[in-house]
Every structure is written in structure tokens, then in C-alpha cells.
Participant: 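Before I ask anything, here is the structure I am working with.
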Amino acid sequence: MRPTTAHSRQFVLHLGHRTAMGAEDFLVADSNAEAVAWIDRWPDWPAPVLTVWGLAGAGKTHLAHVWQARSAAAMLAPAALAQASAVNLLGGRRHLVIDGADSAVDELALLHLYNLLASQGGSLLLTAALPPARWRIQTADLASRLAAGPAVAIRAPDDRLLEAVLAKQFADRQIEISQEVLDLLLRRIERSFAAARRAVDSLDRAGLAGRRRITAALVRDLLAEGAFEESASEKGAFQPGEDSDGSGNRG
């Protein structure tokens, strides 16, 4: 991990962390503790499938990588399901991750994969923006199988976690910021990881372009310009595998 400020180190230590995808840290807090507990509980799951769902950037993909490393699972994007047989997709593995499983998934292919894994004593981890009960599933057998497995949410971050995420995102870019900047961002940005990522990206670009330090004055300037707001192209979009809050917490 890149050097961090004293402020960000304080929050990482207080929240705890999980290492995944190299040296990145997963920040554990009340909003994601239940999902982390389910990942830790494997292989003692009550069904072959677990769904972790929540906001973009909440950490679902990162948790999926944690579980993949632990279980030696294959990892697939939803689009891959229609491209080969279930046996070929698994490649001899008994466990599988599908990241963004509510995004245009091939229902029959997913049902075949579920049945194959279940017959082999394997496990299936799905990440999604919504729980399976809210997916538009047309295949009744698939709907019933997914409904039989637990679906655990990662909720919106509280102030403590969001501040830690902001601090770490700045630290990962080797940007020193003041408590005043953090406090201002916490008061003014949307309460989501995606909004935190947008704010840090915007401030980093603006600081580099204008050769300015990132100060409360720069934050206020960008707020007035609407620079931290979600763009029209981002609204409603869900990109599997890009679910990152910038702290190391990915999908």
C-alpha cells in the first residue's frame, strides 16, 4: 500500500482491514460487517449460493476476490455465461463467483451452473446491485434456487467509514489533505462510496491542472461548479468488476 497520512492510518486501524487483490485494504465497518461475516462463514453456508448486494462501490467485488482466493473459485462476468458450457466455464473448479449477476445474465446458463456446483458440493457467490428477489427472473427454477440462499446487503456508509474511505483515497494518491477538507466533503457530498470516489477524482484533477493544493477553498469552488455530481452517463449504470470505493473495497 502507498504511504498514508496519519489521519488515514488512524481510521484503518480503528476499522480493521482485510487484505485482498495485492496490498489493498478492505475497511470493515457496521455497513459491511454482515457481508464480511458470511464470507468468513464459508464453507458453512446453508445453501450452495450466497448473494452479496448493495450500492456501486460498496466493496462487493473486493469481497468476491477475498472469497475467490480462499476457495480457489473461478470468477466470471455475466456475459461469459452464454459463451460456453457449464463444465467448460468452471474449468475443473468446484466454486464460482459471478460479479454483477443481475446484469443481463443468461438465466438457463446460470441455472445449469448452479445445479452442477450443487451436485459437486460446490459454492456460488453472486454480487449484484439488488437482491435476487428484485431481479426480473423469468426462469422459475432459478428464482427458487436463488431464493433459498442467503442474500446479504452492504449498506450505505456511516460518517466514520466514509471519512476513512476519503482519507485513504487521498493517501493512495499521495495527497495530503486537512481535517477541514474532510469535514467539508462529509457535509456536502452524497452519502455513497461512488460520490466519494468522484469527489477525490475531481479534486485530484483540478489540483493538478491548476497546480493548486487541495484546500477547503478548492472544494467549495468545485462544489459550486457541480463537479462532484454524477454524470448523465453514470446514472443507472452498473459496471461489473468496477465496484470500487477507492479504498481497496471493490464490489
Side-chain angles (χ1 to χ4, degrees), residues 18-22 24-29 31-43 45-82 89-90 93-107 109-111 113-114 117-118 122-137 142-143 145-157 161 165 192-194 197 234 236-251:
R18 286 177 188 272
T19 301
M21 297 180 290
E24 292 177 317
D25 293 331
F26 188 91
L27 303 177
V28 182
S31 59
N32 58 33
E34 185 179 4
V36 172
W38 274 103
I39 295 298
D40 285 344
R41 182 175 172 179
W42 183 84
W45 290 351
V49 62
L50 169 70
T51 304
V52 176
W53 64 276
L55 296 168
K60 302 184 297 294
T61 298
H62 193 153
L63 277 183
H65 278 276
V66 172
W67 184 77
Q68 179 192 27
R70 184 174 302 171
S71 63
M75 179 173 279
L76 297 175
L81 269 65
L89 286 170
L90 287 174
R93 304 191 187 192
R94 294 175 55 242
H95 310 293
L96 175 66
V97 179
I98 300 176
D99 194 21
D102 55 346
S103 176
V105 70
D106 184 315
E107 293 185 9
L110 181 54
L111 177 61
L113 279 167
Y114 179 101
L117 289 167
S123 303
L124 174 63
L125 175 63
L126 306 176
T127 72
L130 298 170
R134 295 176 61 188
W135 300 1
R136 296 178 179 178
I137 299 176
L142 176 62
R145 283 164 173 75
L146 297 184
V152 57
I154 297 182
R155 301 185 302 278
L161 178 57
V165 165
S192 73
F193 294 116
R197 182 176 63 247
E234 292 173 319
F238 177 73
Q239 299 296 327
E242 297 181 3
D243 180 23
S244 174
D245 62 24
S247 71
N249 291 7
R250 296 171 58 91

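These numbers were taken from a predicted model, which means no experiment stands behind them.
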Participant: Tell me, do L90 and L113 make a side-chain contact under 4.5 Å, heavy atoms counted?
Facilitator: yes

Participant: With side chains defined as the heavy atoms from C-beta onward, is the minimum distance between T51 and V152 less than 4.5 Å?
Facilitator: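 Not touching, per the 4.5 Å side-chain cut-off.
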
Participant: Look only at the side chain of R155 and the backbone of G54, and say whether a donor-acceptor pair between them is shorter than 3.5 Å.
Facilitator: no

Participant: Going by heavy atoms in the side chains, are L124 and P48 under 4.5 Å from each other?
Facilitator: no

Participant: Strictly distance-based, threshold 3.5 Å: is any side-chain N or O of N32 a donor or acceptor partner for the main-chain N or O of L27?
Facilitator: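 A pair under 3.5 Å: yes.
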
Participant: For the side chain of W45 and the backbone of W38, is there at least one donor-acceptor N/O pair under 3.5 Å apart?
Facilitator: yes

Participant: Mind checking the OG-CG spacing from S123 to L117? Nearest 0.5 Å is all I need.
Facilitator: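 It is 7.5 Å, given to the nearest 0.5 Å.
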
Participant: Within the structure provided, determine whether L76 and V97 are in side-chain contact (heavy-atom separation under 4.5 Å).
Facilitator: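 No, their side chains stay 4.5 Å or more apart.
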
Participant: Any idea which heavy atoms bring A129 and D102 closest together, and the distance?
Facilitator: N-OD2, 3.0 Å

Participant: Short question: side chain of T127, backbone of G100 - any donor-acceptor pair under 3.5 Å?
Facilitator: yes

Participant: Take S71 and W42, measure what side-chain hydrogen bond (donor to acceptor under 3.5 Å, both in side chains) needs, and give me the verdict at the end.
Facilitator: CA-CA 9 Å; S71 63; W42 183 84; 5.9 Å; no

Participant: Does any non-hydrogen side-chain atom of V52 lie less than 4.5 Å from one of W67?
Facilitator: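 Contact flag for W67/V52 side chains = no.
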
Participant: How about R41: does its CZ atom have over 12 heavy atoms from other parts shown lying under 6.0 Å from it?
Facilitator: yes

Participant: Mind checking whether E107 and I137 have side chains closer than 4.5 Å, heavy atoms only?
Facilitator: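 Yes, close enough: below the 4.5 Å cut-off.
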
Participant: Please name the pair of heavy atoms, one in A47 and one in P150, separated by the smallest distance, quoted to 0.1 Å.
Facilitator: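 Scanning both residues, the minimum pair turns out to be CB-CD, 4.4 Å.
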
Participant: Run the side chain to side chain contact (heavy atoms under 4.5 Å, CB included) check on L63 and I154 step by step: do they pass?
Facilitator: CA-CA 11 Å; L63 277 183; I154 297 182; 4.1 Å; yes

Participant: Less than 4.5 Å apart, side chain to side chain, heavy atoms only: is that true for L130 and R136?
Facilitator: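 Not in contact.
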
Participant: Any non-hydrogen side-chain atom of F193 less than 4.5 Å from a side-chain atom of L161?
Facilitator: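 A side-chain contact under 4.5 Å exists here.
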
Participant: Could you tell me whether the side chain of H95 and the main chain of G122 form a donor-acceptor pair under 3.5 Å?
Facilitator: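 No.
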
Participant: Compare every heavy atom of A156 with every heavy atom of S31, then report the nearest pair and how far apart it is.
Facilitator: CB-O, 3.5 Å

Participant: For I39 versus R70, what's the shortest heavy-atom pair and its separation?
Facilitator: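 It is O-NH1, 3.1 Å.
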
Participant: Please lay out, stage by stage, how L126 and W135 fare under the test side chain to side chain contact (heavy atoms under 4.5 Å, CB included).
Facilitator: CA-CA 13 Å; L126 306 176; W135 300 1; 4.0 Å; yes

Participant: Report the C-alpha separation of L81 and I98 in whole Å, then their side-chain angles, then the decisive distance to 0.1 Å, and conclude whether the side chain to side chain contact (heavy atoms under 4.5 Å, CB included) test is met.
Facilitator: CA-CA 9 Å; L81 269 65; I98 300 176; 4.0 Å; yes

Participant: Would you name the heavy atoms of M75 and A64 that are closest together and state the gap between them?
Facilitator: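 Smallest interatomic distance, heavy atoms only, reads CE-CB, 3.9 Å.
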
